[in-house]
Structures are given as structure tokens and as C-alpha cells.
J.: 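Next up is a structure, given as C-alpha cells.
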Amino acid sequence: MKAIYKRELKSYFSSVIACLFISAVTLISGVFFVLYSMMQGYPTMEPSIFYAALGLVILIPVLTMKVMADERRHKTDQLILTSPVSLFKVVMAKYFALLTIFIIPVLIMCTYPLIMSIYGDVSFKLAYTSIGGFVLYGAALIAIGVFVSSITELQIIAAIISIVIMLIGFFMGTITNMISQTGNVLTKILNAFNTMGPLNEIMTGKITLTSIVYYVSIIVLFLFLTCQSVQKRRWSISKKTIGTGAFSFITIIIVIVAVVFVNLVANVVTENVPAATVDTSIFGVNSISAKTKKMLNKLNKDINIYVLSSKGAMETDSYKSYIVNTLERYEATSKHIDVEYKDTKRNPNFAQQYTKQTPTEGSLIVVNKKNGKSKVIDYNDMFEIMYGGEATPTAYDAEGQIDSAVTYVQSDELYTVYQVDGHKETVQEEQLFGTMENLTDTIQKHNCEIKKIKLATKEAQKVINTNDCAVLLIMGPQTDYTKAEATVVKNYLERGGKVIASIEDWKTFAKDKPNFYSIFEKYNIKVQTGVIAENDSSFCDAQYGPFFVYADGKEGFASDISGNILSPYSIGLTKKDKKNEDITYTALASSTDKSVLKVDPNKSTKYTKEKGDVSGPFDLVVSVEKNVAATEASSVGTDKADTKKAEMLVFSSVYSLLDASPEGDIEIVSNALDQYIDSDVEMISVPKKNLQMTPIQVNANAVRICVIAFVIVIPLGVLLLGIIIWALRRKK
């Protein structure tokens, strides 16, 4: 086998075909690598791999056309038929020789992610996943080409037949969509020949058992058929016994049935076993979070999710396919989730039984048939859209919206978060920090509605109690509370209330608010006079300066956040009484030792410590807990005393809760709400998945070097080398 492998490699490099193939694949991938990645800053391998895959449709037939046909034309196949080496080893040796030639340009492509990483952030996981898928695709095409070469002795015929087969496989997805976007029996059968489909899926970062088994089964099937094709010429036909041709036919049928069965099993496993799908995408759009999996594993009620579209139409749309992937993960994780696609063309009035509105195509309806509750998730709510020349999704939120809907249809209650109003509260700063849209979205995902309330009203004293108010939200008041208003909040906490509060705003910029601050001081939080200037360059914004403080999450609600914390114009927080054991004080994020509290920031001349300033560190985000005796009216008219917890989450900057802040701040709120809201079902909130890729920034010199290397020098060099080897061989 080794000798045949070496002989085959030598023959390919002696005839220029190998060098021509390597040169052409490198040229195609190199051109689109430079065009998309280097010139346009596209930080993935998808464009160069896609066009290289299209090139393989022409180049692999040229590579494989002579592998078996040439042996037959020159009658050297007689040596194979009579050699002591098994036919299987002969075919495998030839196949591995071709695979070796194919791997050479792939190794050159493996340098592309390394080059891109010099100029920006690149997901190596996704890049090399895509290259791995390209290898599987090429290996499958080579197996097809070897088989076609074995059934004819004319190389040109072998090449033409191979090109036709591979072109059909490449464009089969488009062909089936032209036949039916909704899908039918015919398209399902035809999609078995969609050789490009699994590669497209892998390039998005979705590696499934189905895709791997599909390519491996193509390789095994066509190499087996090649062996059968060659073996047939060894056999003699006997009229008295069953013919070897009939035996061969039965064997082929058995193997084809076995291949189909293995693929069906792989598909079932992929749909029902979460571990059968690996997500290597940049944004994690092909998987669901550990929080969601935990929630689904505890789910004990049957939930129906209706998709207002056909599955075929969803799968062929680049963004709607994300929703299909997400729903597949839900079904695979829980037997209580059932997803059903409702083609709106065939069922135009289906949504009317659940809503009076007309949801957008691709929307979801989550239904609990047992209690009759339902919730519509509009398609537009699952994506955050940026409008410019065209509408471009910048974030993906299907998982968060579905989790919220599943919680809602299970729960018998809707909770209320009261937002304090009447003190010029900062709820938006559109020029720099945005609005509180992300915060509102997170609260709503916890099955809560937000209502504004003024503390200086009888209504406030009536509704702000532990029964009606799930959480009290305070958003950076610019004017001080009255003593009576502060007392309302303190009394609410003393009954076991929950508060999420943000303190400082640049417009008040360290202006003293004694009544407001007294709320926090009662719970052992000392509000310092002044604004924090962070002088550690690693933890402040390079553009806006030391008043824009960054921090890492430390513990408690911030222990498992994925992003960092931004705290602009932060007032300093510290523990008031370190000996106080009645209140649990947890610093979730703090400034560094190099930070300084600027006591009078308007008169400061520098960010470092001046006369009167206080050295850091200071706490930026704090949570406190205190056991309190809560008295509630019972159903029989007597008072019942229970021990409850007063809990408070405090941000030193209101801007931590506005949209421009990193995800870490909102994740802290989400984690707090998980604990604060006493729900009859488990509540979780999953943050949006960012879809914005940061383009790599490549200078003109680097582009020119890549053009010279991958478009000119390497392709021409390999081709010239092949011509020289061929010419020297001709002279001998």
C-alpha cells in the first residue's frame, strides 16, 4: 500500500497535475482572502472557503480524472487486478495520495487566520472549524471523482461526469428552494445530494453529528463503489450459480441502505441529543446558555412553540436560520418543548386565536395549552436592528425572549417593578450613554412590568409593599428626596423589600443629597462626597478619561458575568461600619488603588490626588442584605410575623444601567432579579448575543504583501516548479 501511495504521488507531480491543482486552489482562496479579509476587513474564513469550494467543483475532477481511468486506458490495471495487494488497499493508497495533494493548499490556507490576527480580533475556533469543514468537503468530492474515474477509461469523460455531479451537489440547495421553499418529500430526497449544505452549516460554526456522518458516509460509499467497480472486472460469470454481478448488486444495495440508515440515525441523534451539536460560532448563535439548559431540565409542563413560517423558508434566510438552530436546541434539551412550523400562506389566520395583532413573518407564539396562557414573540423583537443603508441585525435575542415567554406561560403571576419618578431621574442620555432599553428588556424577561410612581403620594404608600412591589427601581435622581420620601423607601425595605438603585449623574456631579443618601447609610453603605478618577490606564476609558471607570466583577451577583463593568462619573461607596454584622455588605466591583476621589471635581486641575482628595480604592457596585421582621395581614384578619430579607443592589453611577455600558452591568441586574423575585417558576434572563463583528484594520503595505505572496508568488512558484519537474522528466 505504501509503495502504491508513493508511486501515485510521484506520477501526479511528474505530470504537472498536482502542481496545477495546488496552484489553482491557492490562487482562488488567496484572491478572495485578500479581497474580503485583507481589503474589506472581514475577520472570518467564510468568503475564501466558499469560493475555494466552488473552485474544487472544477479542479478536483481534473485531479481525479486519471487516477483509475488512466490505468484502464493503458491496461496497467491488469497489474492491479493480479497484484497480491488487496483491492481495498490499492484504492485507499490512490485516495490518500490525492488527499495529500489536496491538503497542501489547505495548509497554506491555515496561515490566513494567523495573518488576520495580527490586525484585529479573529476567532481561531471558527476559522479552523471552517477549514476543517472544507477538508471534509474536499475529501468527499475526491471520493466521488475516484469512483467516476473507475467507470470509464477516458479521462475527459471522467472529468465531465465528475464536474456535472459536483455542480449539482454544490447548487442542490438552490435547486430545492426553487422547487419548494416550504419543503416536501421531493426536496427532502434531493437534499441528500446537497454536498455544500453541511459545509455552509459548519462555516457558521455549527458542527453537528449529521454533517460529519454525511461527509464520512459519502467517502465510505464512493470508495466502496470504486472497489466494486474495479472488482467486477476480476469476476467470471457462471450460468449454473448466482452470478457475481448479482452478488455485487445485492452488496451495493445493502451498503447504500446501511449508509442511509446511519445518516437517519445521526440526524435523530443530532435533533435529540444536545452534545451532538458543537457551537464554534463567534456569537454563540448555534447554542443555548447553561442557564437555559438548567431551566429546561427542570421544566415539567408541556410548552408548544409555533413558528409563523415554513421551516424551509426559515432555513434559507441567513438570520432566520439562527432561530431554527435555537429552537432545535430547545427541543433537544427538553421533551416538554414541542416546535411546530405554521406556513402563513397555508394558515393565514392561525395567529388570530392568540393575538389581535398581525405578527411579522418568522414570529413565535409560545403556548401553555393546560392553563391557556400564550405569548407572542415578534420576529423584530428577536433581533436588534441598525438602520443605515440597509437594515442590519446587530444583536440576537431569541433565547432571552423565548426564556421569558416560557416563564410567562408557566407562571400564574405577573410581577411589578415600580420605578421612582419625580426627581429628574436619569433614564436616558442619548448622545453618549443611550436609554434604559436594555435594562427594561431584562426586567420584562423576568416576567415583570414596569410602572412609574411618585413617592410623595398616598398611592406610593399603598402599593409599595412586599406584596405589590416585586422590586423598587431608582434611576439617578438629580434632586434630593424629602425626608418623607426617604422614609417610604426605608419602610419598604424594613418589610423585606428589594431595591435596585443607581446614585450619581454627571449633571449633579457629586452634589450632596442627604435624604437620598440616608437610605443607603441605614444599610451600612457610606456615600462619599466626590467623583472617582481612575488613574490606572487599564481601568479607565482611553478616549473619555479617568472619570470613565472600568472594573471587573468580583463576587456575588458579579461573579459569573461575561463582560466588564463601566461606571462613569461614579460617586465613591464604602462600608460605613466594618463591625456591623447585621448587614451583609458585598462589594461586587471596585476601583483600583490608583483611583482618587475628587472631592470638588469642578475645581480640579488634574486627575491625580490634590489637596482634599481621598485615595482609593472605592466600591462601584455593592449589594447588601439584612434580615428583617416583616408583618403581613393574613387571610383570617390577624397579623403574621415572618423573617424576611431586605436586599439592595446599588450602582454608584446611573450610566452603568444605560445602553452604552457593557453587558456586565445588566448581567448583574439580571442575576439580582433571579434572587429578588419570588416566583412560582424559575426565572432567568439571558443577555442578547452581539452580531457585530469588529473588522480587522489592515494597512496598504500588508495588503500588497499578501497579494504578492498568495496571488502571485506561491501560485506561480508552484506551477513553475511543476513545469520544471515535468520538463526534466521529458528530457530523460
Side-chain angles (χ1 to χ4, degrees), residues 4-30 48-49 51-74 76-77 80 90-109 131 133-170 195-196 199 215 218-219 222-223 225-226 229-230 714-723 725-726 729:
I4 297 173
Y5 169 80
K6 288 181 176 180
R7 169 183 171 273
E8 204 65 32
L9 268 183
K10 184 178 179 181
S11 70
Y12 269 94
F13 280 101
S14 298
S15 63
V16 194
I17 293 178
C19 291
L20 177 62
F21 176 84
I22 295 168
S23 176
V25 174
T26 303
L27 176 64
I28 294 171
S29 64
S48 52
I49 287 179
Y51 287 105
L54 179 58
L56 291 185
V57 170
I58 305 297
L59 297 173
I60 282 183
V62 174
L63 182 69
T64 60
M65 64 182 183
K66 83 179 197 73
V67 67
M68 303 300 291
D70 202 46
E71 299 271 14
R72 191 170 176 180
R73 186 169 68 88
H74 291 98
T76 53
D77 62 332
I80 296 175
V90 171
V91 172
M92 290 305 296
K94 288 176 172 288
Y95 176 74
F96 283 131
L98 296 172
L99 200 58
T100 301
I101 296 168
F102 169 62
I103 290 296
I104 294 173
V106 172
L107 293 176
I108 297 172
M109 292 170 65
I131 292 173
F134 180 69
V135 170
L136 285 172
Y137 175 74
L141 294 193
I142 291 172
I144 294 171
V146 170
F147 166 68
V148 174
S149 181
S150 72
I151 61 176
T152 179
E153 62 180 35
L154 298 176
Q155 294 184 34
I156 188 65
I157 298 299
I160 292 172
I161 294 174
S162 296
I163 290 172
V164 171
I165 292 173
M166 293 176 194
L167 272 174
I168 291 173
F170 187 90
T195 55
M196 191 62 189
L199 177 58
Y215 283 131
I218 285 179
I219 295 168
F222 280 95
L223 291 181
L225 293 176
T226 302
S229 174
V230 177
I714 295 177
L716 284 180
V718 172
L719 185 59
L720 287 173
L721 178 62
I723 293 172
I725 293 172
W726 173 78
R729 180 176 172 273

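Remember, it's a predicted structure, so these values are computed and weren't measured experimentally.
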J.: Distance alone, cut at 3.5 Å: any donor-acceptor contact between the side chains of Tyr5 and Thr100?
T.: yes
J.: Do Tyr95 and Thr64 have side chains that approach each other closer than 4.5 Å (heavy atoms only, starting at C-beta)?
T.: no
J.: Test your reading of the model: is there a side-chain donor-acceptor pair from Thr226 to the backbone of Phe222, 3.5 Å cut-off?
T.: yes
J.: Between CG of Leu59 and CZ of Phe102, what distance do you get to the nearest 0.5 Å?
T.: 10.5 Å
J.: Out of Leu141, Leu63, Val148, Val62, which one pairs with Ser162 under the side chain to side chain contact (heavy atoms under 4.5 Å, CB included) rule?
T.: Val148
J.: Does Tyr137 have any ring-ring contact (aromatic ring centres under 6.0 Å, His included) partners at least two apart in sequence or in another chain, and if so, which?
T.: none
J.: Which pairs, with at least one residue in residues 149-169 and sequence neighbours excluded, count as a ring pair (Phe, Tyr, Trp, His ring centres under 6.0 Å)?
T.: none
J.: Is the backbone N or O of Gly133 less than 3.5 Å from a side-chain atom of Tyr215, with the two atoms forming a donor-acceptor pair by type?
T.: no
J.: Under the 3.5 angstrom rule, does the side chain of Thr152 hit a backbone N or O of Ile157 as a donor-acceptor pair?
T.: no
J.: Any side-chain heavy atom of Val146 sitting closer than 4.5 Å to one from Lys94?
T.: no
J.: Taking the side chain as every heavy atom from C-beta outward, state whether Leu721 and Phe13 have any pair of such atoms under 4.5 Å apart.
T.: no
J.: Where the side chain of Ser150 meets the backbone of Phe147, is there a donor-acceptor pair that is under 3.5 Å apart?
T.: yes
J.: Can you tell if the side chain of Ile165 reaches within under 4.5 Å of the side chain of Ile144, non-hydrogen atoms only?
T.: yes
J.: Evaluate side chain to side chain contact (heavy atoms under 4.5 Å, CB included) for Val67 paired with Glu8, printing each intermediate quantity in order.
T.: CA-CA 8 Å; Val67 67; Glu8 204 65 32; 3.8 Å; yes
J.: State, with a plain yes or no, whether a side-chain heavy atom of Met196 is found less than 4.5 Å away from one of Leu199.
T.: yes
J.: Does Met68 offer a backbone N or O that forms a donor-acceptor pair with the side chain of Ser149 under 3.5 Å?
T.: yes
